[in-house]
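Here is the structure we will look at.
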Amino acid sequence: MKHLLLFTVLAATAVCAHAQKMLQAAEVPNPLVTAYMNEPGEYRARVDVKCLQTIPLTFETQCDKPANLRLTTEDDGVNTTYTMLIDADPSVREYSTRMLTIASPGYDDIYYDLSTLRPGQWITISVSDPNITVGTGCYNEHHNKGMEEIKNMNYEEARRQFYIASSCAEANQEENNNWIERVDSLIRFRLEGDNAFKLLDYRTAAACYDKVLILNSLDSYALNMKTQCVKDFSSECETLFNRAEWLYKEHDYQKAKEVYQQLLDRKCNYEVQANNRLQSIASTARSRKDHTHVLTYEWQKNVPIGLHIGTYNMHKAGGYFHINLNATMIDAIRQECRYEDPATTENIKYPEFNISAGWTIKIKNPVWVHFGPGFTGKMYYGKYKEDNYPYYDKNEADPLSPDMTDPAKKDGAYEKVNFGLAISPEVGITIKYSYFAVRCTYQYRFALKKPLQEFIEPHRVSVGVGIAF
């Protein structure tokens, strides 16, 4: 018997627990209410909560005593309006987490976020039982049906219910008109989103669906369509960017420019890359127009084989690089170095090379000045002793003789390759006009080993002739 009684009590408890009903709360826009006027030194905000008289409400927050809510009520025969004047001093950190608990007998508690409440703010919250559609009076019956249809995304039917509600004798016309306006906006934004999606204007479509979600966060259709728009928009932008990059690398700058501009017009996430490429294309076009690049053949004493390439900008500094060498240097690289006349030192040709780089600055079109550091190397054969540099004594055996019968030559002493190195700064003038360019450069060589200064020869002048493109 005791077991049966216990089971009955538990079953009744479970039924009561599941019998709790749900309330819903939503802020009601009120264009006629602008702000709550505080007295000097006050930091209060006003919160109005409207609900059917048949559903009595109580309120509390985790950071306010009941007396601090300054609660007052007003009945109009159908609804009760609860008014609270709440302290919203922004300097009180605890208020930044304020939650309003709304309770009613037979219903689960609901919570409304008031953490963003500010001094002078006036908000109106509508609390209702979404399952009550009959027996609550003409206005509330059709108004609640309209709210339910909004939740179900049946906006045309919701609008019809609100229009019926507006004809009820006890209708709250201001509130009802606000909901009609909201439903009209939902219908319009969804239609605009669908039309933009059909035209493949994914960015506009996503913005429209986002407006729908702001008005009705439960609209799953708008959420799915927005997600699809973001996905399609991202894919479309990536395709455009990849095509633009391919055209750019193929040097088809005109078509690449058009595609990069499309990326900017569509406000894709490649704005930085597109702008950089467009600037590069513009710079390249300007460079071609001004024949910025110069390629010349360079001649210099003992190193007649030379090549120069440089950039000669109209409005900013450029750079250049050139290299000179002789045929003997090429032979030395191939380990086939031979002198023309080993018996006469004056006719010896030494392997030699010169490398330099620097800057170009326009003086006045068509004249540019160029300057920069350089490096020179000159090779020689001879006795390899410390501080013993190339010299030739007629009383000694000719160190350059191919005759290897001399015992002094068998040890390979005369086959040792030595390097004379120098730092070679230079300065010169370039004249560039249309497709033609000429250069003249003076170079001074500082030998790294002073005894080799004359051997390397300190002064050099080079000339170059070539094209500008």
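Sequence positions, counted from 1, serve as the residue numbers for this chain.
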| note | Residue set satisfying disulfide bond (SG atoms under 2.5 Å apart) with Cys168, at least two apart, ordered chain then number -> Cys138
| query | Got a sec, which pairs hit ring-ring contact (aromatic ring centres under 6.0 Å, His included) with one end in residues 261-290, sequence neighbours left out? | reply | Phe241-Tyr270
| Is the backbone N or O of Ile164 less than 3.5 Å from a side-chain atom of Ser167, with the two atoms forming a donor-acceptor pair by type? | yes
| task | Could you grab the distance from atom CG of Asn276 to atom CD1 of Ile281, nearest 0.5 Å is fine? | result | 11.0 Å
| request: Kindly write out the residues that satisfy side-chain contact (heavy atoms from CB on, under 4.5 Å) with Phe469, not counting sequence neighbours, or none if the list is empty. | output: His293, Leu295, Ile467
| query | How would you list, by chain and number, every residue that makes a ring-ring contact (aromatic ring centres under 6.0 Å, His included) with Tyr202, sequence neighbours excluded? | reply | Phe197
| message | Would you compute the distance between atom NZ of Lys211 and atom CD1 of Ile214 and round it to the nearest 0.5 angstrom? | response | 8.5 Å
| field | Sidechain-backbone polar pair: Asn275 side chain, Glu271 backbone, donor-acceptor under 3.5 Å | value | yes
| task | Return the minimal non-hydrogen interatomic distance between Leu218 and Met153, and the atom names on each side. | result | O-SD, 4.2 Å
| query | Is atom OH of Tyr297 surrounded by more than 12 heavy atoms (other residues, nucleotides or ligands) closer than 6.0 Å? | reply | yes
| Lys362 side chain vs Met314 backbone, donor-acceptor pair below 3.5 Å | yes
| said: Could you work out, with side-chain contact (heavy atoms from CB on, under 4.5 Å) as the rule, every residue matching Ser96, not counting sequence neighbours? | reply: Arg93
| message | Nearest 0.5 Å, please: how far is CG in Asn172 from CG in Asn177? | response | 9.0 Å
| said: Is it the case that the side chain of Tyr209 and the backbone of Asp194 share a donor-acceptor pair, with hydrogens and angles ignored and the cut-off at 3.5 Å? | reply: yes
| Residues which pass disulfide bond (SG atoms under 2.5 Å apart) with Cys268, listed by chain and number, not counting sequence neighbours | Cys237
| said: So, using salt bridge (Lys or Arg N to Asp or Glu O under 4.0 Å) as the criterion, who are the partners of Glu298 when residues are at least two apart? | reply: Arg439
| field | Polar side chain donor-acceptor pair, Asn313 to His315, under 3.5 angstrom | value | no
| query | Considering residues at least two apart in sequence or located in another chain, which fulfil the side-chain hydrogen bond (donor to acceptor under 3.5 Å, both in side chains) criterion with Asn269? | reply | none
| Under 3.5 Å, side chain of Asn216 to main-chain N/O of Ile150, donor-acceptor pair present? | yes
| Is the backbone of Leu100 close enough, under 3.5 Å, to the side chain of Gln62 for a donor and an acceptor to pair up by distance? | no
| Closest approach of Leu117 and Gln121, non-hydrogen atoms and distance? | CA-OE1, 3.5 Å
| Nearest atoms (heavy-atom pairs only) where Ala165 meets Tyr139 | O-CD1, 3.4 Å
| field | Full working for ring-ring contact (aromatic ring centres under 6.0 Å, His included) between Phe162 and His143 | value | CA-CA 6 Å; Phe162 287 131; His143 179 80; 5.4 Å; yes
| query | For residues Asp109 and Thr101, is any side-chain donor paired with an opposing acceptor at under 3.5 Å? | reply | no
| query | Any chance the side chains of Tyr95 and Asp87 put a donor and an acceptor closer than 3.5 Å? | reply | yes
| query | Sub-3.5 Å donor-acceptor pair from the side chain of Arg70 to the main-chain atoms of Met84, do we have one? | reply | no
| said: Any side-chain to backbone donor/acceptor pair from Asp290 onto Thr292? Under 3.5 Å, distance only. | reply: no
| field | Distance-only side-chain donor-acceptor flag, Tyr43 / Asn38, under 3.5 Å | value | no
| query | Salt bridge or not for Glu236 and Arg266, using N-O below 4.0 Å? | reply | yes
| task | Apply the side chain to side chain contact (heavy atoms under 4.5 Å, CB included) test between Tyr112 and each candidate in Val49, Val47, Ile125; give the one that qualifies. | result | Ile125
| message | Under a 3.5 Å distance rule, please check whether Arg445 uses its side chain to pair with a backbone N or O of Thr376 as donor and acceptor. | response | no
| Are Ser356 and Glu426 close enough that a side-chain donor and a side-chain acceptor fall under 3.5 Å? | yes
| Stepwise ring-ring contact (aromatic ring centres under 6.0 Å, His included) test for His308 and Phe321 | CA-CA 6 Å; His308 157 90; Phe321 171 84; 9.0 Å; no
| said: Regarding Glu148 and Lys151, does a basic nitrogen lie under 4.0 Å from an acidic carboxylate oxygen? | reply: yes
| message | ring-ring contact (aromatic ring centres under 6.0 Å, His included), that's the test. Do Phe446 and Tyr444 meet it? Break it down for me. | response | CA-CA 7 Å; Phe446 294 92; Tyr444 186 85; 4.7 Å; yes
| query | Any Lys/Arg nitrogen of Glu245 or Arg277 sitting under 4.0 Å from an Asp/Glu carboxylate oxygen of the other? | reply | yes
| Residues in salt bridge (Lys or Arg N to Asp or Glu O under 4.0 Å) with Asp64, at least two apart? | Arg98
| field | Within residues 215-234 or reaching into it, pairs that qualify as salt bridge (Lys or Arg N to Asp or Glu O under 4.0 Å) - sequence neighbours excluded | value | Arg190-Asp219, Asp210-Lys226
| field | Closest approach of Thr360 to Gly319 (non-hydrogen atoms, all atoms of both residues) | value | OG1-N, 3.8 Å
| Does Glu149 pair with Lys145 as a salt bridge, N-O distance under 4.0 Å? | no
| field | Donor-acceptor side-chain pairing of Asn354 and Gln443 below 3.5 angstrom | value | yes
| field | Contacts of Arg118 that satisfy salt bridge (Lys or Arg N to Asp or Glu O under 4.0 Å) - sequence neighbours left out | value | none
| Side chains of Tyr82 and Glu74: closer than 4.5 Å at any heavy-atom pair? | no
| message | Rounded to the nearest 0.5 Å, what separates atom CG in Leu23 from atom SG in Cys51? | response | 6.5 Å
| request: Take atom CD of Glu42 as the centre, draw a 6.0 Å sphere, and report whether it contains more than 12 heavy atoms from other residues, nucleotides or ligands. | output: yes
| request: Would you give the length of the straight line joining atom CG of Asn326 to atom NZ of Lys378, rounded to the nearest 0.5 angstrom? | output: 9.0 Å
| message | Would you say Ser434 and His291 are linked by a side-chain donor-acceptor pair, where the criterion is simply a distance under 3.5 Å? | response | no
| said: Could you report the tightest heavy-atom contact between Arg44 and Tyr36, atom names first, then the distance? | reply: O-CD2, 3.9 Å
| note | Applying salt bridge (Lys or Arg N to Asp or Glu O under 4.0 Å) to Arg159 and not counting sequence neighbours gives Glu156, Asp184
| field | Distance in Å, Met329 CE paired with Glu352 CD, rounded so as to fall on 0.5 Å steps | value | 9.5 Å
| field | Salt-bridge criterion met for Lys50 and Asp48 (N-O under 4.0 Å) | value | no
| message | Minimum heavy-atom separation for Leu421 and Gly377, please, with both atom names. | response | CD2-CA, 4.0 Å
| Between Trp246 and Arg243, is there a cation-pi geometry (under 6.0 Å to ring centre, at most 45° from the normal)? | no
| said: Please check this pair: side chain of Gln161 against backbone of Asn144, looking for a donor-acceptor N/O pair closer than 3.5 Å. | reply: no
